Chemist: 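Sharing a structure below in C-alpha cells format, with a few things to ask.
Note that the structure is predicted; figures quoted are calculated from it, not measured.
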Protein chains: 4
Amino acid sequence: MIRAGAELLASNGYAATGMLDVVAAAKASRGSIYFHFPDGKDQLVSESLTLSTGRALARAAAVVEASSSTGEAIERTGEYLAEVLNATDFRMGCPVATVALEIANTDNPVLDTCRTFFDQWHSIYVNSLLRDGLAADDAKNLATMILSVIEGGLMLARTSSDTTPLIDACRSASGLIDHFTNSSPQESS
Amino acid sequence: MIRAGAELLASNGYAATGMLDVVAAAKASRGSIYFHFPDGKDQLVSESLTLSTGRALARAAAVVEASSSTGEAIERTGEYLAEVLNATDFRMGCPVATVALEIANTDNPVLDTCRTFFDQWHSIYVNSLLRDGLAADDAKNLATMILSVIEGGLMLARTSSDTTPLIDACRSASGLIDHFTNSSPQESS
Amino acid sequence: MIRAGAELLASNGYAATGMLDVVAAAKASRGSIYFHFPDGKDQLVSESLTLSTGRALARAAAVVEASSSTGEAIERTGEYLAEVLNATDFRMGCPVATVALEIANTDNPVLDTCRTFFDQWHSIYVNSLLRDGLAADDAKNLATMILSVIEGGLMLARTSSDTTPLIDACRSASGLIDHFTNSSPQESS
Amino acid sequence: MIRAGAELLASNGYAATGMLDVVAAAKASRGSIYFHFPDGKDQLVSESLTLSTGRALARAAAVVEASSSTGEAIERTGEYLAEVLNATDFRMGCPVATVALEIANTDNPVLDTCRTFFDQWHSIYVNSLLRDGLAADDAKNLATMILSVIEGGLMLARTSSDTTPLIDACRSASGLIDHFTNSSPQESS
DNA sequence: GATGAATGAGACTTCATTCAT
DNA sequence: CATGAATGAAGTCTCATTCAT
C-alpha cells in the first residue's frame, strides 16, 4: 500500500493520487486505509515518500560508490534513470518532484520530507566531489548543480516522453565537471 | 482571467487550481467562464500557459541578448528568477513545471503547450551557444543541460523557500561553461 | 431547505440529520447545499434553528397574549404542543431540545442559538408573571420552572408517544401557579 | 465497558457515541465487543442504560426516603444533580434524556428502556406524594410535573453550562408544592 | 476466547460543468 | 451576453460490523 502510494505519487502527484487509487493499486479495501494510516492521506503520502526517497538515496549512493569520479557517477545516474523511465512508461522519475512543486506554497508537513530528501541527496554529491579533490565551497555549489541537472533532466524527459534530454543533460554535466576537475585541480570556480 | 489562471497554475499546479479560484482572483462571475472558455478548464489552462510561457520566453531571450556569453546569461537568469521568487513569496518559478509534471502521464493536450515551451526555450540557448562558437551537437546538449539546471534549481529553491540553490546551480553552470568554452574553444565535449 | 432542516433537526437531532436527508426532503440536488450554505452543515443547522425558534417564540408569545394569566398560558401551551405532537406523529416538539443535548458538551456555535432561544422564551414568561403581579425574583425562578415543565413534558411525551405527560405536567403547573398567585398575592416564595 | 458506555451516552447521546469510543474508554480490545455484545451497539446501549438508570432510580428513591416531604425531595434532588453536573463538567445529567430524544421517532428497542426508566421514576414521586396525603389523581399528575421540571431543568443547565436553571426550577417547584399541600390539604387541583 | 486487521456503506464536502433567467 | 443557481460525480474520512489467526 505504501509502495502503491509511492508509485502513484511519483507518477501523478499529490492531488491526482486518490486514496481510492492507492487502495485499488494495492488491492486493499476502502476502509482499511484509516486503520493503517489514522492520520489519513498526509500520513500515507509521508510514509510513501519516506520509502521511495530512501530507496532513491541508496541507489544514488551506490552509483557514486561504483564510479571512479563524480562525473562518471552523473552519467551513470542519468543512464540508470533513463532505464527506469523506459521501464515504467515514463511514470517514475524523481520520487518527490511533482509533490514538492505542488505543495511548495503550503505548510504541508510532507514538504519537510521533500526537503530532507534533497538535502541528503545533495550530501552524497558533496562528499563525492570532496573525494575528487574539490574545495568545500566548490563541492557544495557543484553538488547543487548536479541535483538540478538531474531533476531538470527528469522533468524534460517526462514532459517529452523521451529520455534524450535526461541523457544529454547528464552527459554534458559529466563532461564539464570532468573537464574542470582535470584541467584545473588546484583553482576554484 | 487568463492572467489570474497563469499565476495560480505556476503557483499551485493543475489540480489545485480550481475554476472557482480563477474566477475569484479575476473578480469575474461564475457563469462567465464557459462563455469565454467553451472547452472548459483545459482551454483556460492552455491559454494561461500560452500567455505565461510567451512572457518567459521573451524574458529569457532578452537576458541572452543582453549578455556577452551564454555563461553570463545563465547567471543573470538565475539572479532574475531569484528576484521573482522573492517578490512572489516563492510562488512563481517556471510557468509550466508543476503542471507538466502533473499531467506528464496523461494525454492532456495541455502537455503540448509545455513541450513547445521547453523546445523554444531550448532553442534560445542553442543559438546563444552557437554564437559562442560551439559545435552544433555540443550546443544542443549543453542547452539541454542549461534548461535542466534552471528548472532543477527552481524546484530546489521553491521546495526549500530559499533562492540559494537556484543561484548556486546557475553560477556553477555558468562557471563550468565559461571554463569550457574559454580553455578549449576548438575541442568538443 | 431550511424548513426541511428544521423539521428533521427537531425530529431526529443533529447527528441523525444528514445533509442528504435534508436535500431529499427539500427536493433539492446534492451539490446545491454548499452553494446556499457555504459553511456546510453547521450553517444549515444554525439557520434552520433560527427559523424554527423564531416561530416557536412567536407562538409562545401569542399564547401568553391571548391568556388572562400565566397559568392559563401554560395550560394552553401544553394543549397546543400536544396537538402539534399528534399532527406530526410525535416528531415536532421543542425545535432545539434534541440538538441542544447532543452538542451541550461541544463548542459548536449552534449551541449559542439554543441558549438564546431558551433565554428569549424565558423572558416571555418572566414578563407574563410580572404582569400577574409577582416579584421580580419569583418571576424569574417561576419562569425557569415553566420552561422546564414544558421541555420535560415534551421529552416524556415524545418518549412515550403519548401526549398525556405533557398535558398533565402543564395542567399541574398551571394549577399550582394559579393557586399560588391567587391565595397569596402579597407574599414571596 | 458498560460503565464507559453509560457515561458516553449520557454525555454525548446515541449517535455520537461510537463503539470505538466505548472500547477506548474501557481500555478493551476492538474485537471483543461482539463477543460480549453479540447484538451490537443496541445491546451495549441497552445494558449501559439499564445500569445507569438503575443507579439513578436508587438515588432518587434514597433522596425521597431521606426527605420529610416531596417538596424537600425535589429541592434536594436538584441540588444533588447540580453537584453532579459540576463534578462532571456538565456531562452527566439524565442518563437517558439525550438518547430518548434522539431515538423517539424510531422503533429502536432501546426506547423501551427509556420509557421504563421514566415510568419507574414517576412511581417514586407518586408514592411520595400519596404519603404526603394527596389524592391519587393529583399525585399522578404532580409526579409527572416533577419529572418534567427535573428533566427540563437538566436540559437548561447543560445547555447553558450553568446549574442555576436546575436549582431555580426545582426550588420553585418545591415551593409551589409545599404551598399547595400545606394550605389546601383537602381540596384537589 | 480474544485480538488486530479488514470491510463496505455512508457521511460531509468540493469541483467542473450546465441551466434558466 | 452575463449571472446566480443547480447538478451529480468523486474525494476524503468514519463507522458498525465481521474475519482470520
Chemist: Taking the side chain of L20(C) as its heavy atoms from C-beta onward, which of dA16(F), dA11(E), dT3(F) lies nearest to it?
Modeler: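 Closest of the options to the side chain of L20(C): dA11(E).
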
Chemist: Starting at the 5' end of DNA chain E, which residue's closest nucleotide do you reach first, G31(B) or G31(A)?
Modeler: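 It is G31(A) whose nearest nucleotide is closer to the 5' end.
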
Chemist: Which whole-number value in Å describes the distance from Q43(D) CD to dA16(F) P?
Modeler: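 In whole Å, dA16(F) P lies 15 Å from Q43(D) CD.
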
Chemist: Using the side-chain heavy atoms of H36(D), tell me which of these nucleotides is nearest: dA5(E), dA2(E), dG4(F).
Modeler: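 My answer, after comparing the listed nucleotides, is dA2(E).
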
Chemist: Between P38(D) and T17(A), which is nearer to the 5' end of DNA chain F once each is assigned its nearest nucleotide?
Modeler: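 Its nearest nucleotide lies further toward 5', so the answer is T17(A).
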
Chemist: Of the options dA5(E), dC12(E), dA16(E), whose atoms approach the side-chain atoms of K41(B) most closely?
Modeler: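 Taking heavy atoms from C-beta onward, the closest nucleotide is dA16(E).
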
Chemist: Quick one: on DNA chain E, does A28(A) or M19(B) contact a more 5' nucleotide (nearest heavy atom)?
Modeler: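 Looking at the nearest nucleotide for each, A28(A) comes out on the 5' side.
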
Chemist: Pairing check on dA11(E): which nucleotide meets the Watson-Crick or G-U wobble criteria with it, both distances under 3.5 Å?
Modeler: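 Base partner found: dT12(F).
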
Chemist: Between dT17(F) atom P and D39(D) atom CG, what is the distance in whole Å?
Modeler: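 My rounded result for the distance is 10 Å.
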
Chemist: Would you classify G40(B) as touching base, sugar-phosphate or nothing, given that sugar-phosphate means primed atoms plus P, OP1 and OP2, and contacts are heavy atoms under 4.0 Å?
Modeler: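 Sugar-phosphate: the residue G40(B), judged by heavy atoms under 4.0 Å, touches backbone atoms but no base.
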
Chemist: Can you check the K27(B) NZ to dT3(F) P distance for me, whole Å?
Modeler: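 Distance check: K27(B) NZ to dT3(F) P gives 15 Å.
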
Chemist: Just verifying a value: how many Å separate L51(B) CG and S46(B) OG, rounded to the nearest 0.5 Å?
Modeler: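 Result: 11.5 Å between the selected atoms.
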
Chemist: Round to the nearest Å and state the distance from F37(B) atom CZ to dT18(E) atom P.
Modeler: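 To the nearest whole Å, that distance equals 15 Å.
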
Chemist: Which whole-number value in Å describes the distance from L44(A) CG to dG11(F) P?
Modeler: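 L44(A) atom CG is separated from dG11(F) atom P by 15 Å.
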
Chemist: Using the rule side chain to side chain contact (heavy atoms under 4.5 Å, CB included), only one of T113(B), L8(B), V110(B) pairs with V45(B); which is it?
Modeler: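 Answer to the side chain to side chain contact (heavy atoms under 4.5 Å, CB included) test with V45(B) among T113(B), L8(B), V110(B): V110(B).
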
Chemist: Applying the side chain to side chain donor-acceptor pair (under 3.5 Å) test to Y14(D), which of D42(D), T98(D), T106(D) qualifies?
Modeler: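 By the side chain to side chain donor-acceptor pair (under 3.5 Å) criterion, Y14(D) pairs with just one of D42(D), T98(D), T106(D): D42(D).
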
Chemist: Looking only at side-chain atoms of R30(B), point me to the closest of dA5(F), dC12(E), dA16(F).
Modeler: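 So the side chain of R30(B) is nearest to dA5(F).
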
Chemist: Tell me: OH of Y14(D) to P of dA16(F), nearest whole Å?
Modeler: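 Between P of dA16(F) and OH of Y14(D): 9 Å.
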
Chemist: I33(C) or A15(A): which one's nearest nucleotide on DNA chain F is closer to the 5' end?
Modeler: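 Looking at DNA chain F, the more 5' nearest nucleotide goes with I33(C).
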
Chemist: N12(C) has an atom CG; how far is it from atom C1' of dA11(E), in whole Å?
Modeler: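 Going from N12(C) (CG) to dA11(E) (C1'), I get 15 Å.
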
Chemist: Provide the Watson-Crick or G-U wobble partner of dT21(F), both distances under 3.5 Å; none if there is no partner.
Modeler: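 Here dT21(F) is engaged in a pair, and the nucleotide opposite it is dA2(E).
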
Chemist: Looking at every strand, decide which applies to F35(B) at a 4.0 Å heavy-atom threshold: base, sugar-phosphate, or nothing.
Modeler: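 The residue F35(B) makes sugar-phosphate contact but no base contact.
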
Chemist: May I ask you to verify if any side-chain N or O of Y34(D) is less than 4.0 angstrom from the OP1 or OP2 atom of dT17(F)?
Modeler: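 Answer is yes, contact under 4.0 Å.
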
Chemist: Run the numbers on R158(C) and N105(D) for side chain to side chain donor-acceptor pair (under 3.5 Å), then give the verdict.
Modeler: CA-CA 8 Å; R158(C) 290 194 66 214; N105(D) 288 101; 2.3 Å; yes

Chemist: Can you confirm if the NZ or CZ of K41(C) lies within 45° of the ring axis of Y34(C) and under 6.0 Å from the centre of its six-membered ring?
Modeler: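 No, cation not above the ring by the 6.0 Å, 45° rule.
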
